[in-house]
Amino acid sequence: MIKDPSCIFCKIVEGTIPSKKVYEDEDILAFHDINPWAPIHFLIIPKTHIPSMAQANLDDPEHVALLGKITALVPKLALQEGAAPYPEGGFRVMVNTGNHGGQEVHHLHFHVMAGPRPWMRG
Ligand code: AMP
Ligand code: ZN
């Protein structure tokens, strides 16, 4: 497990910064976004420090498994957190990557947003 001592999400993983947890297993953590855009807004992150989606490596079976697991967790956690079922409800998944992608925290995270509109943004 890679850790970056200056990374806020690594500190959330180790518990030095508190979070409102949605899900946890040995590889993955999900927690509520501190500044939600939508009635339901949480983040899913790998526990290991991967700076962004730009570092996702198709030749690394651990990356492929991790990204597959995170993606497959989205519908389960969205429903768990109160999203209405597809297609009337549903959810939005967003992975901001790099400066042009609007990324502010450089530890890979999947935003999951759901709930009745209007939303604060988007
Ligand atoms: P991004 O702009 O995609 O890098 O998104 C970073 C997200 O992390 C923003 O939506 C922030 O509100 C959220 N965030 C920053 N610090 C925390 C924290 N301590 N706990 C929960 N969410 C956070
Ligand atoms: Zn990190």
Side-chain angles (χ1 to χ4, degrees):
M1 183 102 52
I2 302 164
K3 266 193 214 171
D4 175 343
S6 66
C7 170
I8 184 171
F9 286 178
C10 284
K11 288 180 186 159
I12 286 179
V13 169
E14 72 185 12
T16 6
I17 292 178
S19 68
K20 223 175 122 197
K21 278 180 200 172
V22 164
Y23 172 86
E24 182 168 21
D25 67 28
E26 59 177 0
D27 306 314
I28 292 167
L29 181 67
F31 53 94
H32 288 277
D33 195 292
I34 207 167
N35 187 17
W37 293 16
I40 299 162
H41 185 176
F42 60 90
L43 306 174
I44 311 179
I45 70 170
K47 286 189 170 178
T48 194
H49 183 85
I50 300 170
S52 81
M53 182 73 110
Q55 285 73 35
N57 180 4
L58 192 56
D59 297 322
D60 181 339
E62 285 184 16
H63 277 198
V64 173
L66 195 54
L67 291 165
K69 194 170 167 189
I70 289 173
T71 309
L73 259 173
V74 170
K76 177 185 152 94
L77 298 185
L79 290 174
Q80 175 191 304
E81 293 307 304
Y86 172 91
E88 290 77 18
F91 47 80
R92 173 177 289 182
V93 182
M94 186 172 81
V95 187
N96 298 329
T97 306
N99 290 337
H100 290 177
Q103 185 180 9
E104 287 176 2
V105 176
H106 289 264
H107 179 130
L108 175 62
H109 53 281
F110 285 58
H111 292 260
V112 181
M113 286 164 264
R117 289 174 178 273
W119 293 356
M120 296 280 285
R121 293 160 80 178

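Just follow the structure's listing: the first ligand is 1, and inside any ligand the first atom is 1.
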May I ask you to identify, for [X], whether its side chain, its backbone, both or neither come under 4.0 Å of ligand 1 on a heavy-atom basis?
{"X": "Phe31", "value": "side chain"}
{"X": "His111", "value": "side chain"}
{"X": "His32", "value": "backbone"}

Query - Residue selection (non-hydrogen contact nearest atom 20 (N) of ligand 1) among Ile34, Thr97, Val105 - result: Ile34
Query - Nearest neighbour of atom 16 (N) of ligand 1 from the list Leu43, Leu108, Ile8, Asp33, on a heavy-atom basis - result: Ile8
Report task. Tell me, yes or no, whether the heavy-atom count around Met120 atom CE, taken from other residues, nucleotides or ligands under 6.0 Å, exceeds 12. Result -> no
Query raised in the report: Mind checking whether Gly102 has a heavy atom under 4.0 Å from ligand 1?
Result: yes
Within a distance under 4.0 Å of any heavy atom of [X], pick out the atoms of ligand 1 and give their elements.
{"X": "Phe9", "value": "8 (O)"}
{"X": "Asn96", "value": "1 (P), 2 (O), 3 (O)"}
{"X": "Ile12", "value": "18 (C), 19 (N), 20 (N)"}
{"X": "Asn35", "value": "12 (O)"}

Report summary line: The closest protein heavy-atom partner of atom 4 (O) of ligand 1 is Glu104 N, 2.7 Å
Requested in this report: Please report which non-hydrogen protein atom sits nearest to atom 1 (P) of ligand 1, along with the residue it belongs to and the distance in Å to one decimal place.
Outcome: His109 NE2, 3.2 Å
Query raised in the report: Distance from Leu79 atom CG to Leu77 atom CG, nearest 0.5 Å?
Result: 9.0 Å
Query raised in the report: Among the N, O or S atoms that His49 has, which is closest to the Zn ion (ligand 2)?
Result: ND1
Query raised in the report: Can a salt bridge be assigned to the pair Lys69 and Asp25 using a cut-off of 4.0 Å between side-chain N and carboxylate O?
Result: yes
**Report entry** Side-chain H-bond candidate by donor/acceptor type, His41 with His111, under 3.5 Å
**Finding:** yes
Query raised in the report: How wide is the angle at the Zn ion (ligand 2) between ND1 of His107 and SG of Cys10, to the nearest 10°?
Result: 110°
